[in-house]
Amino acid sequence: MRVLLIHGQHNRDAKALATNHYHNVLCDTDDIIELEKLNIHTIESGKEILESISMVNYDIVHVVYDNNMFIINHDRRVVFTEFTALMTRVLDSNKKLVITMDWFKLFTPRVKTRSNWWYNKQIKWLNQIYYEEVLPLLKRAELVVTTYDHELQLSNIGIHGVHVIPQPGCSINYEPKQLDQNTLKIVVPGARSNNIDYNEIMKILCALNSDKTTDRCYKLHICNRDEEITDDHLIKLIVKHNVTEHVQFIQFSNETQQYIDQLASYDVAVILGKQLSRSVIDALAAELICITSNTPSNKIFKLQHNCIYTTDAPNTTIPYYINQLIDDKSRLSELQNNIRKYKERVQPSSIKKMYELVYEPRDHVKPQELDVTGVINVFMCCRDNEQDLGTTLSRLRVMERRLNGCEFKYYILENDSVDDTPNIIKDFFASADGVYVTGAQGNNKHISAPGVGRMRDMADYRNHMKSLCDSWDNSNYSFIVDSGVEFELDIMERQLYQLLNNDDVAMITPYGVIQTSNFYYDNFAYRNLQDTRDFDLSSTEELFEVHSAFCGFVCIRTSVLERCNWDMVDGETCEHVPFCKQVRKHGKIVIDPTVVVRWRP
């Protein structure tokens with residue numbers, strides 16, 4: 001497998017990402033091409049340059065895209081047509097196409113005036129080409145972005161199924177800090193940006209210094225990369241909030257590692273605003289405590305890594321967070337430990353493994369290779385799942401047809417739904433075999449967070465679900481499926497193949513991620529062989545043994561499932577952990593990292 005990496009010269013960040021990727025992810029046999037600046041060429045010579053790119057000796061073409069790399073002779077009208085031509089060449093030659101999409105944008109019309117009429121007409125035409133020609137080709141490629149902000153931006157223009165793979169992070173570890181009220185240094189990192197809510201940050205600084213019960217005095221450092229801050233609006237905000245004595249402007253290096261080293265001299269980063277994922281990542285690289293706005297991308301990031309604070313009410317919560325971290329050393333230590341774990345996950349070796357899933361997906365198992373007969377049981381618990389349930393059930397019926405030598409029986413428990421979930425289930429059983437129960441049980445609906453009530457109810461639901469089956473001897477394999485996950489149509493075949501070829505394995509689980517990220521998400525149910533929740537993906541190919549795992553699509557030997565039940569330990573322990581403890585009495589529990597499911601939050 002050989003990769004050809006293509007990037008342009010216009011965007012400094014895109015060029016840096018491509019160079020970083022070439023040195024940290026690709027192999028010696030792979031190549032990189034830096035396109036000339038086509039805007040200085042005529043249309044004819046620019047097209048000749050693009051057509052001269054040889055792809056003969058490569059299996060994969062990876063394009064680090066930016067909008068300017070396909071502008072020829074300063075004519076933006078050719079951007080999408082030339083990009084389309086390149087994608088078509090790659091796909092028609094049966095090569096895999098991978099595109100990094102961080103710098104992909106639609107063109108924005110200007111204010112409607114007579115002078116802007118021709119410009120807006122061009123933009124309308126360009127965007128029409130995007131929807132008619134570019135988007136269908138993008139759906140045939142593997143698309144990558146480096147932050148959740150970029151993923152959300154792409155979803156707004158119809159691009160879905162994007163892999164979120166961060167850039168390789170800083171490999172330097174800094175000394176853990178003990179926050180001291182007298183020396184605490186708070187910084188607003190990154191370049192001076194209109195995306196940063198400086199007004200809200202000044203309010204926070206006022207709140208921090210308004211507590212008359214303490215003699216704590218906080219100072220805020222606002223940094224800019226490469227250039228000195230000269231901003232009348234920002235200065236007016238400082239004067240307005242009367243915090244002149246508490247604010248200092250800092251000029252930081254534009255060289256990445258020097259910038260991270262400079263950030264590491266601070267304690268807390270306050271990052272409020274939109275589209276600031278890069279600043280969050282930089283602050284974590286410097287191992288700062290990071291407090292951010294509760295944007296959709298930051299919510300996902302927090303759920304994945306639990307190493308940042310997010311807030312909808314920064315004026316009240318940020319002072320509380322900072323004072324808590326000063327006073328509660330155990331909470332500070334826990335957060336610092338999670339930051340270290342995140343840094344380990346974005347080391348170049350880990351990022352390389354993520355790209356292996358993009359570059360070399362595993363071959364499908366053919367149904368005819370499986371010697372499986374008899375009954376396959378499928379168990380599900382449902383509540384208010386109308387958005388996903390129909391898709392899940394229809395895909396299960398496709399799997400049933402693929403494994404046409406088996407008889408499928410479904411056991412579905414529904415309780416207390418207020419949407420159309422019960423009717424979807426009833427319609428499904430008009431043609432499906434098995435048992436279902438729907439109806440009100442009067443139980444509260446819990447948020448997806450730990451708690452005694454939730455753990456007790458979830459254990460009860462799953463045991464009730466299991467009790468719907470009263471015939472175990474006619475089945476060798478069972479599946480436990482959540483309706484909120486996306487999965488490939490060959491997932492059952494892959495999992496059955498592993499159980500058929502590994503007699504010592506009792507249960508196999510997939511590698512679960514949140515939508516299009518590549519980080520394992522089900523840490524609540526996960527326990528490694530040391531019985532901790534520290535996740536270590538040592539291989540992207542081999543099964544690896546664990547003490548507990550789930551991730552929404554489990555294949556288990558029926559004889560084992562019959563003998564095991566879910567239970568509540570306490571409000572902080574997932575109901576799957578005691579279930580898996582019983583399973584291990586009958587064989588190993590393993591994760592197959594090549595079988596990926598995606599959870600929809």
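All figures in this text were calculated on a predicted structure; none of them were measured in a lab.
Although no hydrogens or angles enter the test, the distance criterion places a donor-acceptor pair under 3.5 Å between the side chain of Asp267 and the main chain of Lys185. Judged purely by atom type and a 3.5 angstrom limit, Asn116 has no side-chain atom pairing as donor or acceptor with the backbone of Arg110. Looking at Lys95, its side chain does come within 3.5 Å of a backbone N or O of Tyr58 through a donor-acceptor pair. At least one donor-acceptor pair closer than 3.5 Å links the side chain of Arg494 to the backbone N or O of Thr594. Without hydrogens or angle criteria, Asp66 side chain to Met69 main chain gives a donor-acceptor distance under 3.5 Å. For the pair Gln347 (side chain) and Ser350 (backbone), a donor-acceptor distance under 3.5 Å is absent. Proximity of a side-chain donor or acceptor of Asp75 to a complementary backbone N or O of Arg77 within less than 3.5 Å is detected. Side-chain atoms of Asp592 never come within 3.5 Å of backbone atoms of Pro510 as a donor-acceptor pair (strictly under, hydrogens ignored). Proximity of a side-chain donor or acceptor of Lys105 to a complementary backbone N or O of Asn67 within less than 3.5 Å is not detected. Distance alone, capped at 3.5 Å, is enough to place a donor-acceptor pair between the Glu287 side chain and the Tyr174 backbone.
Using the six-membered ring where Trp is involved, Tyr266 and His221 have ring planes that are perpendicular, over 60° apart on the 30 and 60° scheme. Classified by interplanar angle (parallel below 30°, tilted 30° to 60°, perpendicular above 60°), the ring pair Phe83/Tyr65 is tilted.
Nearest heavy atoms, Ile271 versus Cys290: CD1-SG, 3.6 Å. Shown here for Asp534 and Asn528, the closest heavy-atom pair between the two residues is O-ND2, 3.0 Å. Residues Arg345 and Asn523 approach most closely at NH2-ND2, 4.3 Å, considering heavy atoms. Across every non-hydrogen atom of Val25 and Lys352, the tightest pair is O-CE, 3.2 Å. Among all heavy-atom pairs drawn from Met399 and Ile491, the shortest one is CE-CG2, 3.5 Å. Heavy atoms only, all atoms of each residue included: Pro109 and Ile123 are closest at N-CG2, 4.0 Å.
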- Message: Evaluate Thr113 against Ser115 for side-chain hydrogen bond (donor to acceptor under 3.5 Å, both in side chains), listing each step before the verdict.
- Response: CA-CA 5 Å; Thr113 63; Ser115 60; 3.1 Å; yes

- Show your reasoning for whether side-chain hydrogen bond (donor to acceptor under 3.5 Å, both in side chains) applies to His62 and Tyr359. CA-CA 9 Å; His62 185 163; Tyr359 286 157; 2.7 Å; yes

- Please report the C-alpha distance between Met55 and Leu86 in whole Å, then the side-chain angles of each, then the deciding distance to 0.1 Å, and finally whether the side-chain contact (heavy atoms from CB on, under 4.5 Å) criterion is met. CA-CA 11 Å; Met55 307 173 187; Leu86 180 68; 3.3 Å; yes

- Query: Does the pair Asp197 and Ser293 meet the rule for a side-chain contact (heavy atoms from CB on, under 4.5 Å), with working shown?
  - Reply: CA-CA 10 Å; Asp197 190 345; Ser293 300; over 6 Å; no

- Task: Give the intermediate values and the outcome of side-chain hydrogen bond (donor to acceptor under 3.5 Å, both in side chains) for residues Glu132 and Gln128.
- Result: CA-CA 6 Å; Glu132 293 178 356; Gln128 184 178 348; 3.0 Å; yes

- Please assess Phe544 against Tyr511 for the test ring-ring contact (aromatic ring centres under 6.0 Å, His included), listing each intermediate value before the final yes or no. CA-CA 11 Å; Phe544 63 96; Tyr511 183 90; 8.0 Å; no

- Message: Before you tell me yes or no, could you show the steps for Asn73 and Thr42 under side-chain hydrogen bond (donor to acceptor under 3.5 Å, both in side chains), namely the whole-Å CA-CA distance, both residues' side-chain angles and the distance that decides it to 0.1 Å?
- Response: CA-CA 5 Å; Asn73 196 26; Thr42 64; over 6 Å; no

- Given side-chain contact (heavy atoms from CB on, under 4.5 Å), test Thr84 with Thr88 step by step and report yes or no. CA-CA 6 Å; Thr84 297; Thr88 302; 4.0 Å; yes

- Please test Leu272 against Ile318 for side-chain contact (heavy atoms from CB on, under 4.5 Å), starting from the C-alpha separation and ending with a verdict. CA-CA 11 Å; Leu272 301 180; Ile318 289 182; 4.1 Å; yes

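Interatomic distance, Ile157 CD1 to Leu135 CG, rounded to the nearest 0.5 Å: 8.0 Å. Atom CG of residue Asn199 and atom CG of residue Leu237 lie 5.0 Å apart, to the nearest 0.5 angstrom. Rounded to the nearest 0.5 angstrom, Ile308 CD1 and Thr292 OG1 are separated by 4.0 Å. Atom CD of Glu36 and atom OG of Ser45 lie 8.5 Å apart (nearest 0.5 Å). Between Asn294 atom CG and Tyr309 atom OH the span is 14.0 Å, to the nearest 0.5 Å. Atoms CD1 and CZ, on Ile99 and Phe104 in that order, are 8.5 Å from each other to the nearest 0.5 Å.
Between Val64 and Ile6 the shortest side-chain heavy-atom distance does not fall below 4.5 Å. Looking at heavy atoms from C-beta onward, Asn11 lies out of side-chain contact with Asn68 at the 4.5 angstrom threshold. Side chains of Asn337 and Tyr342 form no contact here, defined as non-hydrogen atoms less than 4.5 Å apart. Side-chain atoms of Tyr198 and Val188, non-hydrogen and from C-beta on, do get closer than 4.5 Å to each other. Looking at heavy atoms from C-beta onward, Thr146 lies out of side-chain contact with Ile165 at the 4.5 angstrom threshold. Taking the side chain as every heavy atom from C-beta outward, Ile159 and Leu143 approach each other to under 4.5 Å. At a threshold of 4.5 Å between non-hydrogen side-chain atoms, the residues Leu154 and Val145 count as touching.
For the salt bridge (Lys or Arg N to Asp or Glu O under 4.0 Å) test, residues two or more places apart in sequence or in another chain that qualify with Lys15 are Glu34. Residues satisfying the salt bridge (Lys or Arg N to Asp or Glu O under 4.0 Å) criterion with Lys47, sequence neighbours excluded, are Glu82. Residues meeting the ring pair (Phe, Tyr, Trp, His ring centres under 6.0 Å) test with Tyr521, sequence neighbours left out: Trp599.
Here the two rings, on His21 and His7, have centers that are 6.0 Å apart or farther. A distance of 6.0 Å or more separates the ring centres of Tyr131 and Phe80.
With respect to the salt-bridge test (charged N to carboxylate O, under 4.0 angstrom), the residues Arg2 and Asp31 qualify. Under a 4.0 Å N-O distance rule, the pair Lys96/Asp59 does not qualify as a salt bridge.
Judged by the 6.0 Å distance and 45° axis criteria, Arg533 is not positioned over the aromatic ring of Tyr526.
Defined by atom type and a distance below 3.5 Å, a donor-acceptor pair is present between the side-chain atoms of Gln257 and Asp261. Judged by distance alone, the side chains of Asn298 and Thr295 do bring a donor and an acceptor atom under 3.5 Å apart. Asp388 and Thr392 share no side-chain donor-acceptor pair at under 3.5 Å.
Annotation for Gln387: atom CD does not count as buried by contact number, only 12 or fewer foreign heavy atoms lying within 6.0 Å.
A side chain to side chain contact (heavy atoms under 4.5 Å, CB included) with Leu4 is found for one member of Asp30, Ile53, Leu26 and no other, namely Ile53.
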